[in-house]
Asker: 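Let me give you the structure first, and then I'll get to my questions.
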Number of protein chains: 2
Amino acid sequence: MAARTTSTGASAARERLLQTASELFYREGIHAVGVDRIIAEAGVTRATFYRHFPSKEDLVEAYLGVEDANIRGAFDAAEASGAEPGQLVGLVIEGLADDVARHHTRGCPFINAAAEYPDPESGVRRAVAEHREWFRSELEKVLGAAEADDPGATAGQLVLLRDAAMVGGYLDGWERVRPSFIAAATRTAGLDR
Amino acid sequence: MAARTTSTGASAARERLLQTASELFYREGIHAVGVDRIIAEAGVTRATFYRHFPSKEDLVEAYLGVEDANIRGAFDAAEASGAEPGQLVGLVIEGLADDVARHHTRGCPFINAAAEYPDPESGVRRAVAEHREWFRSELEKVLGAAEADDPGATAGQLVLLRDAAMVGGYLDGWERVRPSFIAAATRTAGLDR
DNA sequence: AAAGAGATAGAACGATCGTTCTACTTCACA
DNA sequence: TGTGAAGTAGAACGATCGTTCTATCTCTTT
């Protein structure tokens, strides 16, 4: 058995590796999960691991890439749903709330990763910075289309609120944080008028 | 040379150990800093380390205890300053902003620690939960004295805003986040009326 | 004067870290 | 048909992890 079995062109072993690592990194932290754990749970050999990822840090960056792609996909889906710009802002807020409730119950993958990588020049921190900048500008775009006043400032505040929601949802429980998040986000976005 | 040299009754070696570890843990992350690093930079022997801290995790908990005590001290100072309850809320917000700008430029010690400790039953996570609960109730007390409406809900929202400020200050730069934080916090606390 | 706690110094424990290596097999494609 | 990439299997590298140990010295307290 070997090689490219998936439709995307990526090898099956690589995808299993990436998915297993993503779950472990998110649930237990990055430094806390060793290469041995990952290859054992992915059912793959060390040699196969290093064939696809030159080092563990490359795998970490790929993990953040998966998280980034997931969120971009959610945005694309929302925009492709044919909702009007005015509605879209509300959909985004609801989507973020739903994401924290369902998938990201251990906090934000990017915030958590940054906690473990102090060097701003590292590949991991670059990935975090790029993701945050994309997210901010995407919000600004949506807000601009909905003709909100000062989309730039509002987008910045919504980024902060999402950070707060993910951290608070993890440490205090989402049911305690959700009302505050919804109220603050809708008011910030100007949806309460 | 030996033993208790400080006025507080704690040994000098223990205090050097704790201060050194606190700086390293905060700046570089907990799992990333080994015991060897700590004892080397503290100028202390392994045996001395384990005399004062049964395990590394005890040192981690002591580190969070130091951070907790610092913030409690700041609150006590603000309350002892003789400011009126109405002013106190504003002082607290300014104090938080000042803290992020000066001391906590690598994020929140408790949020960062929680990112590395997934088990909610662990001593570290318990310390995080206790600190957050104290902070929330302290805010509620101050807001209640200032006769804000719904001190409970407002305190919860201010906790979220502080989380956002510390995360955003670390990852996006405090100068970008500060205006949003000040605006949102003063409005949430009802100081803009 | 005796006792004990706190410090120093340094060797050593087994376990795990991330990484590299050789040897052999299997499949896709030119 | 043969070349090469992708897979399995497993030994081994040096480094570091957190922890334990013995041995000796110093100071404070009784």
Side-chain angles (χ1 to χ4, degrees), chain A residues 1-22 24-25 27-64 113 116-119 122-124, chain B residues 1-22 24-25 27-64 113 116-119 122-124:
Chain A
M1 190 218 309
R4 38 191 61 188
T5 326
T6 59
S7 55
T8 64
S11 87
R14 194 197 134 98
E15 293 214 330
R16 238 182 312 137
L17 226 22
L18 189 46
Q19 187 183 337
T20 303
S22 294
L24 289 175
F25 285 157
R27 286 210 315 262
E28 306 192 15
I30 297 172
H31 288 337
V33 175
V35 171
D36 286 15
R37 265 291 289 294
I38 297 169
I39 64 175
E41 296 203 17
V44 152
T45 335
R46 235 177 300 277
T48 303
F49 176 99
Y50 282 99
R51 186 186 308 281
H52 291 289
F53 303 98
S55 76
K56 184 191 174 184
E57 187 165 322
D58 291 271
L59 178 60
V60 175
E61 293 176 28
Y63 148 61
L64 294 179
E116 297 198 60
Y117 286 81
D119 179 10
S122 66
V124 170
Chain B
M1 189 218 308
R4 37 190 63 188
T5 327
T6 58
S7 56
T8 64
S11 87
R14 193 197 135 98
E15 293 215 329
R16 237 180 313 136
L17 225 22
L18 189 45
Q19 186 183 336
T20 304
S22 294
L24 289 176
F25 286 156
R27 287 209 316 262
E28 306 191 17
I30 296 172
H31 288 338
V33 175
V35 170
D36 286 16
R37 266 288 291 294
I38 296 169
I39 64 174
E41 295 202 19
V44 152
T45 335
R46 236 178 300 278
T48 302
F49 176 98
Y50 283 99
R51 184 185 308 282
H52 292 289
F53 303 97
S55 76
K56 185 192 175 185
E57 188 165 320
D58 292 271
L59 178 60
V60 175
E61 292 175 29
Y63 148 61
L64 294 179
E116 296 198 61
Y117 286 82
D119 180 9
S122 66
V124 170

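Computed from a predicted structure; not experimentally measured. These numbers come from the heavy atoms of this one structure, side chains and all, not from hydrogens, waters or symmetry mates. Below, chain A is the first sequence line, B the second, and so on; all start at residue 1.
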Asker: Can you check the L59(B) CG to dC17(D) P distance for me, whole Å?
Answerer: 14 Å
Asker: Using only side-chain N and O atoms of H31(A), determine if any of them is under 4.0 Å from OP1 or OP2 of dG18(C).
Answerer: no
Asker: Within the pair T48(A) and dT8(D), is there a side-chain N or O less than 4.0 Å away from OP1 or OP2?
Answerer: yes
Asker: CZ of F49(B) versus P of dT8(C): gap in Å, rounded?
Answerer: 14 Å
Asker: Given atom OH of Y50(B) and atom P of dC13(C), what is their separation to the nearest angstrom?
Answerer: 17 Å
Asker: Using whole Å, report how far CZ of R46(A) lies from P of dC13(D).
Answerer: 14 Å
Asker: Quick one: L17(A) CG to dT8(D) C1', roughly how many Å, whole number?
Answerer: 14 Å
Asker: Is the distance from OP1 or OP2 of dG7(D) to the nearest side-chain N or O of S11(A) less than 4.0 Å?
Answerer: yes
Asker: Under 3.5 Å, which donor-acceptor pairs do the side chains of residues 47-54 of chain B form with other protein atoms, sequence neighbours left out?
Answerer:
unit_1, atom_1, unit_2, atom_2, d
H52(B), NE2, S11(B), OG, 3.4

Asker: Ignoring hydrogens and angles, tell me if any N or O in the side chain of R46(A) forms a donor-acceptor pair with the backbone of I39(A) under 3.5 Å.
Answerer: no
Asker: Does any donor-acceptor pair link the side chain of R51(A) with the base of dA5(D) at a separation under 3.5 Å?
Answerer: no
Asker: Would you please confirm or rule out a distance under 4.0 Å between OP1 or OP2 of dG10(D) and any side-chain N or O of T45(A)?
Answerer: no
